[in-house]
Amino acid sequence: MDFCDDCGGVKESRECGKCDSDPVQREDVPQDVKDKWEKEQDELKKKLILEDAPVIQEMKESMEHNKDMKFYIGGVDISFVKGDLVNACSAFVVCSFPDLEKVYEDYEMVKLTQPYIPGYLAFREVDFMIQQYNKLKTRKPEYLPHVIMVDGNGIIHPKEFGCACQLGVLLDIPCIGSAKKLFQVDGLEKDEHHQEKIKNLSEGGDSFPLIGDSGRQLGVALRSCNKTTNPIFVSPGHKISIASAEWLVYKCCKYRIPEPVRQADIGSREYLRQNFKHDEPT
DNA sequence: GCGACAG
DNA sequence: ATCTTGTCGC
């Protein structure tokens, strides 16, 4: 029996929608949906700001001058039920900064209706995050985050408008993308050149810029702590510069993944393990 | 045409 | 995204 390298499931079961050998079975997304999404990205991109909001400067100043101001950083992530293409848990957590204590967490079962298409992740996941942000805004406004970190990319994206950009623009607050794998866009490659640069990241905080064929820098590959050599890929989502995004993400890393996102990841998996039974209560 | 393709 | 087991190292 064959197993899928991507989802680990039996190939014939097509659990991840990707491991089928029969292209006819593949859920081809209508071209008009992609066209619609592309136009929406173009529209939202007009509002994109890649400069630091005042609060980002405040955070830096507070750190540099030992003021003891407290800030809040949000982390969002969605965990899935294996073998279930629809049910998932969306997490929104808030950590204090700079101490990185979890001060708020919200988990919600959601139904993923839109497919995952590289380049259009936001259309699959961002609505739930906005929903949970609004819930937080109503119920615990004292914990509203000054910045949100997203498990995905900001401007490291074919249109320089990834998930973190879309969330940032729609909420109009600073957002940062932190991805575990390099999205190979604008000529960015994980070739031996790239691997060599990774080997040269000798300690936590080391990084190298990700500059595309266009000559534009889209983000950085960051060794986020000493415990790992495997970098994360950081790019601004909205209202923050590349340098500040890198700075803030590094400040949030106790482990490889920035703490707010890591807590959202851990929390949502745990929530599924305890609350999800194999027949969803409508 | 072929490979690549965040989560 | 999801699964799995051990293994190596601090």
Side-chain angles (χ1 to χ4, degrees), chain A residues 1-11 13-19 23 26-29 34 37 41 75-91 109-129 149-167 175-191 194 203-204 210 212-213 218-222 225-237 255 257-258 261-262 264-266 268-273 276 278:
Chain A
M1 193 170 277
D2 284 337
F3 295 94
C4 173
D5 293 331
D6 290 302
C7 72
V10 179
K11 273 199 173 176
S13 70
R14 301 188 171 89
E15 290 177 328
C16 63
K18 183 181 177 182
C19 52
R26 210 161 264 175
E27 222 98 31
D28 276 44
V29 179
K34 282 194 202 171
W37 286 351
Q41 281 183 340
V76 291
D77 189 34
I78 296 181
S79 291
F80 298 77
V81 178
K82 75 155 179 177
D84 188 330
L85 272 37
V86 175
N87 294 294
C89 175
S90 180
M109 290 306 301
V110 297
K111 288 188 184 299
L112 280 286
T113 57
Q114 305 298 337
Y116 168 65
I117 304 171
Y120 300 97
L121 178 63
F123 293 92
R124 179 168 160 87
E125 299 193 341
V126 135
D127 282 349
F128 306 115
M129 298 163 183
M149 292 184 181
V150 177
D151 187 14
N153 289 298
I155 61 172
I156 301 176
H157 180 274
K159 302 285 288 291
E160 296 187 17
F161 196 77
C163 198
C165 300
Q166 190 149 328
L167 183 65
C175 275
I176 300 174
S178 162
K180 297 181 288 298
K181 294 189 294 196
L182 177 64
F183 201 173
Q184 301 187 148
V185 300
D186 195 14
L188 294 176
E189 277 185 290
K190 25 187 182 186
D191 51 17
H194 180 78
E203 60 177 347
L210 298 167
D213 287 342
L218 302 182
V220 296
L222 169 69
C225 67
N226 283 320
K227 302 176 188 70
T228 181
T229 57
N230 193 7
I232 56 175
F233 303 92
V234 178
S235 59
Y255 303 99
I257 306 300
V261 174
R262 182 172 162 269
D265 184 20
I266 294 172
S268 56
R269 290 190 205 217
E270 182 65 10
Y271 185 91
L272 280 182
R273 205 172 62 77
F276 187 78
H278 284 294

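Quick caveat: nothing in here was measured; it's all calculated off a predicted structure. Per chain, numbering begins at 1; letters A, B, ... match sequence-line order.
For A:K180, the side-chain atoms get nearest to C:dA1 when compared with the rest of C:dC3, B:dC5, C:dA1. Set against B:dA4, B:dA6, B:dG7, the side chain of A:Q184 has B:dA4 as its closest nucleotide. For A:L121, whose side chain is taken as the heavy atoms from C-beta onward, the closest listed nucleotide among C:dT2, B:dG7, B:dA4 is B:dG7.
For the pair A:R273 CZ and C:dA1 C1', the computed distance is 19 Å after rounding to whole Å. As rounded to whole Å, 6 Å separates atom C1' of B:dG7 from atom CZ of A:F80. A:N226 has its CG atom 18 Å from the P atom of C:dG9, to the nearest Å. Whole-Å rounding puts the A:Q41 CD to B:dA6 P distance at 15 Å. Rounded to a whole Å, the CD1 atom of A:I156 is 12 Å from the P atom of B:dA6. Summarising the geometry, the separation between CD1 on A:I117 and C1' on C:dA1 is reported as 15 Å, rounded to the nearest angstrom. Taking atom CG on A:D213 and atom P on B:dA4, their separation rounds to 17 Å, with Å as the unit. Taking atom CG of residue A:L272 and atom P of nucleotide C:dC3, one finds them 9 Å apart after rounding to whole Å.
Taking the six-membered ring for Trp and thresholds of 30 and 60 degrees, A:W37 and A:Y120 have ring planes inclined between 30 and 60 degrees apart.
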Exercise for review: Let me see the working for A:M109 and A:Y271 under side-chain contact (heavy atoms from CB on, under 4.5 Å), right down to the final yes or no.
Suggested key: CA-CA 9 Å; A:M109 290 306 301; A:Y271 185 91; 3.9 Å; yes
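Minimum interatomic distance between A:F128 and A:K111 (heavy atoms only, all atoms of both residues): CZ-O, 3.4 Å.
Residue A:R124 has no polar side-chain atom (N or O) positioned under 4.0 Å from OP1 or OP2 of B:dA6. Remark: A:K34 is not in phosphate contact with B:dC5, judged by side-chain N or O atoms under 4.0 Å from OP1 or OP2.
Contact annotation for A:F123: no contact, since no heavy-atom pair falls under 4.0 Å across all strands. Here A:G119 lies in heavy-atom contact (under 4.0 Å) with a base. Among the heavy atoms of the strands lying under 4.0 Å from A:D151 are primed sugar atoms or P, OP1, OP2 only; no base atom is included.
For A:Y116 and B:dG7, the ring-to-base geometry satisfies the stacking test (centroid distance below 5.5 Å, interplanar angle below 30°).
Here A:D151 pairs with A:K180 in a salt bridge; the nearest charged N to carboxylate O distance falls below 4.0 Å.
Side-chain contact between A:Q166 and A:H157 is absent, with no heavy-atom pair separated by less than 4.5 Å.
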